[in-house]
Structures are given as C-alpha cells and as structure tokens.
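What follows is a set of notes on a single structure, which appears directly below.
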Amino acid sequence: MSLTKLVSWNINSVRIRLPLIEQLVTAEQPDIICLQETKVRDSQFPHEAFHALGYTTRILHGQPMHHGVAILSRVPLVEDRRYDWQDNGEARHIGVRLPNGILLENVYIPAGGDIPDRDENPKFGQKLDFYERMTRWSEGLREPTIMMGDFNIAPLESDVWSHKQLLKVVSHTPVEVETMQRLRDAHDWQDIGRHFVPAPERLYTWWSYRSKDWTVGDRGRRLDHVWTSPEILPNIRSHHVLEAARSWDRPSDHIPLITEIEL
DNA sequence: ATGGTAGACTTTCTA
C-alpha cells in the first residue's frame with residue numbers, strides 16, 4: 001500500500017494553463033492528474049512540459065477546439081477504454097487501470113446549454129441522456145472504481161451560492177439533481193467531497209468568468225466531483241479543494257480537487 | 001435587468 005495523490009481539474013485549455021499546472025505540481029506533487037476541457041487535439045498535446053514535471057505516463061482523449069480529457073501520471077497506467085456516453089463522438093471520457101487493478105475514470109459531462117428544457121434546447125437533453133448512459137454503465141460495474149471530473153451538476157443546496165436563485169439555472173435544476181441521484185444509486189457511488197466536507201458547509205469548485213471579481217458575492221457552485229465505489233471509501237485519506245487557484249494569474253474557472261488514497 | 005468573460009483551426013461555438 002502506498003499513499004497516492006490524485007488531482008481532478010477542469011483546466012479550460014491545457015496549453016494556456018501550463019504555468020498554473022506547474023504551480024500546482026510544485027505545491028502538491030500529485031501522482032496522477034485528471035484534466036478536463038484540455039481543448040487540444042492529441043497531436044498537439046504539450047507532452048514535453050508534462051514529461052519535464054515527471055509525468056511519464058500520458059493517456060489522452062482529445063479533439064480539435066472543444067472538450068478533451070487527459071490523465072497524466074508518475075506511476076504506470078494502462079488505458080482501459082473510452083466511453084462515448086453522449087453518442088456523438090465528443091471527447092469526454094478516458095478510463096485507465098491503476099497498477100493495483102483499480103479503475104480510474106476521468107469524465108467531462110456536458111454543461112447542457114442555457115435553457116433547462118429538452119425540447120427548446122437539445123444540449124439539455126444530451127446532458128440528461130449522457131447521465132442515463134452512465135447510469136446503465138454503473139449498474140453493470142462490478143469492479144472497484146474511482147470516478148472524478150466535471151459533472152456539471154451541483155446537487156445540494158450548500159453546493160450553490162443561492163439554492164432559490166439557481167433552481168431554474170442549468171446545473172441545479174430538480175430534473176438534473178434527480179438524474180444525478182439515479183447515477184449515484186446505480187453503483188452506490190460515494191461522494192468524497194461531502195464525506196470530507198459534510199453539508200450544509202459551503203463547498204464550491206467553480207466560479208463564473210462573467211464577473212470582474214469572482215470573490216464578490218462568492219457566487220460559486222460545486223460542479224466537480226470525486227466519487228468512488230463503496231469498498232474504496234476506507235482507503236481515502238484526505239480530500240480538499242484548492243480555492244486559492246481561482247485567484248492565480250489567468251485562472252481556469254474551475255479549481256483543482258485533491259484526493260489522497262492508499263492504493 | 002436578462003448582462004457579463006474566456007478560449008479556440010473566431011466572425012461563432014462552447015462553456
């Protein structure tokens with residue numbers, strides 16, 4: 001058994017954010033980094049920068065311009081599979097197997113557009129369908145698994161700055177919260193964030209760019225999550241979010257989630 | 001009152 005530090009971070013362009021990744025690595029020395037929204041095709045991924053930081057294993061699933069996920073690791077990993085839970089070819093998942101056999105799934109669930117209605121806004125339906133396909137997959141999952149990434153839903157009242165004002169805002173609508181709960185129930189997924197920071201304590205991972213000062217009003221949401229199979233929960237040693245990263249130079253609108261686990 | 005910012009094969013899409 002060895003203590004392994006995992007990071008999940010929606011980076012919003014891995015190339016623009018390389019100095020921030022170096023800053024995170026200097027401070028935290030994570031063993032494995034799961035990135036979402038890398039916004040780079042695999043042929044243009046900045047391999048050299050990650051190699052220089054010690055991430056000799058790099059498992060990519062990118063596409064031109066949008067979306068894209070990557071797993072960077074200092075320990076050997078084997079790519080397991082890529083799921084297209086949106087059924088449209090977008091690069092939103094990469095799964096690997098850790099040296100001890102545990103599965104690690106890095107997922108970037110669609111944001112779902114602005115209007116919370118399937119008929120008026122197809123993206124909203126695609127988001128719900130993505131969740132339903134993940135639920136079907138979870139129902140058949142029999143192996144210990146860690147799943148992390150940008151889930152684009154903040155389920156609890158204390159996961160958003162104003163429950164009342166966000167009830168009709170995509171990310172916190174009742175239909176989304178119910179859909180996310182069905183996914184949780186399908187594998188008895190354990191919410192590591194809330195295991196270490198129980199509700200109703202405030203816990204956010206994202207603050208919009210559309211504000212000159214993200215700290216004004218603290219209008220955050222918990223869109224990023226770390227979930228594990230129940231049998232893995234006893235191995236989790238710590239979990240926290242790095243809120244200071246939202247104030248770094250040219251920040252992502254999401255902050256890193258840092259989890260320590262005995263593997 | 002219905003904005004605002006950021007990034008990418010930028011004149012538009014995604015978030």
Heavy atoms only, 4.0 Å cut-off, all strands: where does Arg219(A) land among base, sugar-phosphate and nothing? nothing
Students often get this wrong, so: under 4.0 angstrom with heavy atoms, is Arg92(A) touching a base, only sugar-phosphate, or nothing? sugar-phosphate
His67(A) atom NE2 is separated from dA8(B) atom C1', nearest whole Å, by 12 Å
It should be established whether His254(A) places a side-chain nitrogen or oxygen under 4.0 Å from OP1 or OP2 of nucleotide dA15(B). no
Using the P atom on both, measure dA1(B) against dT11(B) and round to a whole Å. 34 Å
Take the protein atom CH2 of Trp207(A) and the nucleotide atom P of dA6(B), then report the distance between them rounded to whole Å. 17 Å
Find the distance Asp114(A):CG to dG3(B):P and express it as a whole number of Å. 10 Å
For Asp213(A) and dG4(B), what is the distance between atoms CG and C1' respectively, to the nearest whole Å? 13 Å
Please go through Val170(A)'s hydrophobic cluster and name the other residues, only I, L, V, M, F, W, Y counting, with side-chain heavy atoms under 4.5 Å joining them. Phe124(A), Leu128(A), Val175(A)
Find the distance Asn10(A):CG to dT14(B):C1' and express it as a whole number of Å. 12 Å
Whole-Å distance, Gln36(A) CD to dG7(B) C1', equals 17 Å
Please figure out whether Pro64(A) or Tyr209(A) has its closest DNA chain B nucleotide nearer the 5' end. Tyr209(A)
Test of understanding: with side chain to side chain donor-acceptor pair (under 3.5 Å), list the residues that count as partners of Ser73(A), not counting sequence neighbours. none
Rounded to whole angstroms, how far apart are CG on Asp253(A) and P on dA8(B)? 13 Å
Could you give the distance separating dT10(B) and dA15(B) at their C1' atoms, to the nearest angstrom? 15 Å
Counting side-chain heavy atoms from C-beta on, which of dG7(B), dT5(B), dT14(B) comes nearest to Ser13(A)? dG7(B)
Verify the contact: side-chain N or O of Arg15(A) to OP1 or OP2 of dG7(B), cut-off strictly under 4.0 Å; return yes or no. no
Rounded off to whole Å, could you give me the CG-to-C1' distance for the Asn12(A) and dA15(B) pair? 8 Å
Side-chain cluster (under 4.5 Å, hydrophobic types only) that Val78(A) belongs to, other residues: none
Relative to the ring of Trp207(A), is the ring of Tyr204(A) parallel (under 30°), tilted (30 to 60°) or perpendicular (over 60°)? perpendicular
So does Arg210(A) reach the base of dA15(B) with its side chain, donor to acceptor, closer than 3.5 Å? yes
Using nucleotides 10-13 of chain B, report all nitrogen or oxygen pairs with the protein that are shorter than 3.5 Å.
none

Salt bridge check: are Lys123(A) and Asp114(A) linked by an N-O gap of less than 4.0 Å? no
Residues two or more places apart in sequence or in another chain: which of them pass salt bridge (Lys or Arg N to Asp or Glu O under 4.0 Å) with Arg182(A)? Glu132(A)
Students should find that the hydrophobic cluster of Val25(A), defined by side-chain heavy atoms under 4.5 Å apart, otherwise consists of Val7(A), Trp9(A), Ile11(A), Val14(A), Leu18(A), Leu20(A), Ile21(A), Leu24(A), Ile33(A), Leu35(A), Val40(A), Phe45(A), Phe50(A), Leu53(A), Tyr55(A), Leu60(A), Leu72(A), Leu242(A), Trp248(A), Ile258(A)
